[in-house]
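If you're wondering where the values come from, they're calculated on a predicted model, not measured in any experiment.
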Amino acid sequence: PYLLYFILAGLIMRPFFSPGFLFFLDMAWGPRIDLTDYLANGLASSFPLAVIFKFLSFFMAVELTQKLLLWFILFFAASAMYGFARSYMKIEWAIGSGLFYLINPYVYERFLAGQWLVLLGYGFFPLAFKLFLEFIKNPRNKELISFSLAIAIYPILSLHWFYISSLVFAAAGLIKIWRIRGRGVFNFLALKKLLIFIAIFIAINSFWLFSFFAPAGVWQKITLNDFKAYATQTDNNFGVYFNVLSLYGFWDQFNFLPKDFFPLWPALTIFILIFSALGVYSLIRNKRFVGMLILIIFLPVLLIAAGYGQGFSKILVNLLYYILPGFKGLRETEKAVGLLAFIYALCFPLGLKYFIDYFGVKLKSLAVVTAWLLPV
């Protein structure tokens with residue numbers, strides 16, 4: 001599977017490997033990497049990545065670093081999703097899960113906008129989520145350290161996706177606490193683990209936290225006008241919610257989209273939704289914790305992702321802006337569409353498999369290939 005994803009990511013990147021730099025909206029690199037660019041509004045959370053790129057610039061051309069970085073991000077996203085899916089399905093289905101996570105409108109739009117940090121955080125989510133689920137299942141020191149380190153480096157990879165994932169982990173933690181209520185959850189050992197987690201996080205992220213939240217820092221400059229400027233785009237025929245369910249909605253609409261060339265895209269969305277719902281049902285039926293979590297967070301994720309693109313969800317965003325700590329730092333709520341991509345990538349193959357097993361479909365191999373090729 002990893003070789004397949006590596007080759008596929010290379011095929012996607014192949015047209016971009018002609019000589020010269022890639023100039024995307026948020027990725028206009030030049031021949032020199034100036035570390036002072038990351039100090040304009042205080043020390044940026046991604047500064048360690050800039051240091052790595054600066055170091056690599058002594059050994060290879062920056063334009064090559066740029067393209068290899070994008071290649072790695074695409075490969076990493078598919079591989080991380082495959083690794084997560086293997087805990088829930090056999091290899092032939094998990095391969096399709098990784099393909100779905102790589103090939104979808106969300107990745108397409110963000111890639112052409114050059115939002116490599118968003119895609120890096122999107123790719124890291126399945127790995128971080130897997131470590132989190134392992135920790136709450138077996139809260140031993142080994143799992144605690146692994147999860148704590150993953151969360152601690154998450155803001156460096158992608159500050160916005162760190163926040164998005166934190167909301168998911170918080171929801172999962174509350175569900176877990178509710179399920180084991182009355183068993184002495186809040187004891188000294190739990191407090192000790194929490195303090196260890198906080199200590200690791202602050203130790204790794206202290207270099208940017210203070211400047212970010214300073215009186216003149218970036219945090220103070222974010223207002224509701226940012227959410228309005230980066231409002232989720234609607235579809236002229238089907239509205240904003242169906243657009244988001246189809247993994248579209250990025251505010252920059254200057255590129256041709258897959259749906260512009262594929263008139264049957266609404267039917268494809270409905271097809272994916274039906275089998276994804278069946279996949280959630282199979283997870284809950286098998287008493288898998290992630291199934292209950294997806295069932296609970298799906299509607300809130302949809303509303304947050306729609307954001308300023310629709311009246312009701314706009315009211316919700318305005319409310320969360322004032323009452324939910326850290327929410328205003330998100331600035332653009334359509335980033336949460338990546339969570340829907342994760343849900344589809346996990347649940348669609350499971351739903352298709354459940355359908356095949358339930359009805360005893362004979363052409364099982366054909367169905368597996370369909371699950372692979374459908375994203376394409």
Side-chain angles (χ1 to χ4, degrees), residues 24-27 77 100-123 125 158-161 163-165 167-168 222 224-273 276 294 297-321 327-345 347-348 374-375:
F24 294 132
L25 178 67
D26 287 342
M27 197 184 192
F100 201 117
Y101 202 63
L102 171 60
I103 305 175
N104 60 66
Y106 181 83
V107 175
Y108 174 86
E109 290 184 315
R110 298 291 172 169
F111 183 92
L112 289 184
Q115 296 195 342
W116 62 277
L117 284 169
V118 172
L119 289 178
L120 186 58
Y122 166 81
F125 176 75
S158 177
L159 187 56
H160 289 154
W161 260 95
Y163 184 77
I164 292 171
S165 67
L167 296 179
V168 176
I222 301 173
L224 282 173
N225 289 330
D226 291 277
F227 289 87
K228 182 178 180 180
Y230 303 116
T232 304
Q233 292 293 311
T234 187
D235 182 85
N236 294 331
N237 297 316
F238 298 97
V240 66
Y241 289 124
F242 195 82
N243 207 37
V244 167
L245 287 171
S246 304
L247 307 184
Y248 291 103
F250 181 52
W251 58 270
D252 178 14
Q253 293 293 299
F254 297 108
N255 295 306
F256 288 109
L257 301 176
K259 65 178 182 178
D260 296 330
F261 300 93
F262 184 57
L264 296 178
W265 67 274
L268 180 60
T269 297
I270 294 173
F271 181 71
I272 292 173
L273 283 171
S276 294
I294 290 173
I297 70 171
F298 183 83
L299 181 58
V301 168
L302 174 62
L303 293 175
I304 290 174
Y308 261 53
Q310 208 276 340
F312 178 76
S313 56
K314 178 181 177 180
I315 296 174
L316 176 63
V317 169
N318 287 338
L319 179 64
L320 294 176
Y321 177 88
F327 185 81
K328 79 172 190 175
L330 196 57
R331 296 178 66 209
E332 178 213 343
T333 60
E334 200 269 344
K335 291 186 178 76
V337 169
L339 288 177
L340 297 180
F342 171 82
I343 292 172
Y344 295 164
C347 297
F348 172 74
L374 194 59

### Message
Within the supplied structure, the quantity of interest is the number of heavy atoms (other residues, nucleotides, ligands) at a distance under 6.0 Å from K314 NZ; does it exceed 12?
### Response
no

### Straight-line distance of L316 CG to Q310 CD, nearest 0.5 Å
11.0 Å

### Query
Are any non-hydrogen side-chain atoms of T234 and N243 less than 4.5 angstrom apart?
no

### Task
Please round to the nearest 0.5 Å and tell me the distance separating atom OH of Y230 and atom CG of L330.
12.5 Å

### Message
Keeping Y108 on the side-chain end and I103 on the backbone end, is there a donor-acceptor pair under 3.5 Å?
### Response
no

### Message
Would you say the rings of Y122 and F342 are close, in the sense that their centroids are separated by under 6.0 Å?
### Response
no

### Message
Distance check, rounded to the nearest 0.5 Å: R331 atom CZ versus H160 atom NE2?
### Response
6.0 Å

### Task
Could you tell me which residues satisfy salt bridge (Lys or Arg N to Asp or Glu O under 4.0 Å) with E109, sequence neighbours excluded, listed by chain and number?
none

### Task
Using distance alone, with no hydrogens and no angle criterion, decide if Y308 and N318 have a side-chain donor and acceptor under 3.5 Å apart.
yes

### Query
Considering all heavy atoms of both residues, which atom of D226 and which atom of I222 are nearest to each other, and what is their separation?
OD2-CA, 3.5 Å

### Chi angles and distances behind the side-chain contact (heavy atoms from CB on, under 4.5 Å) call for L117, W161
CA-CA 9 Å; L117 284 169; W161 260 95; over 6 Å; no

### Query
Do V244 and Y106 have side chains that get closer than 4.5 Å, going by heavy atoms?
no

### Task
Please round to the nearest 0.5 Å and tell me the distance separating atom CZ of F242 and atom CD1 of I270.
4.5 Å

### Message
For a quick test of reading the model, state the closest non-hydrogen atom pair linking S158 to G121 and the distance between them.
### Response
CB-CA, 3.4 Å

### Query
Quick one: does P258's side chain get under 4.5 Å of Y248's, heavy atoms only?
yes

### Query
Got a second to check how far I315's CD1 is from L320's CG, nearest 0.5 Å?
12.0 Å

### Message
Can you tell me which residue among R110, E332, K335 is in a side chain to side chain donor-acceptor pair (under 3.5 Å) with Q115?
### Response
R110

### Query
Side-chain contact, heavy-atom cut-off 4.5 Å: F24 with W116?
no

### Message
So for atom CG, which belongs to N236, do other residues, nucleotides or ligands contribute more than 12 heavy atoms lying within a distance under 6.0 Å?
### Response
no

### Task
Describe, in one word, how the ring planes of F348 and F100 are oriented to each other, choosing from parallel (under 30°), tilted (30 to 60°) and perpendicular (over 60°).
tilted

### Query
Which heavy atom of A305 sits nearest a heavy atom of A336, and at what distance?
CB-CB, 4.2 Å

### Task
Determine the interplanar angle of the F298 and Y344 rings, folded into 0 to 90°, and report it as parallel if under 30°, tilted if 30 to 60°, perpendicular if over 60°.
tilted

### Query
Sequence neighbours excluded, which residues qualify as ring pair (Phe, Tyr, Trp, His ring centres under 6.0 Å) partners of Y241?
none

### Task
Using atom types as modelled and distance alone, determine if a side-chain donor or acceptor of T333 lies under 3.5 Å from a backbone N or O of I304.
yes

### Interatomic distance, S246 atom OG to L257 atom CG [nearest 0.5 angstrom]
11.0 Å

### Task
State, yes or no, whether a side-chain contact exists between Y101 and F125 at a heavy-atom distance under 4.5 Å.
yes

### Query
CZ of F312: more than 12 outside heavy atoms within 6.0 angstrom?
no

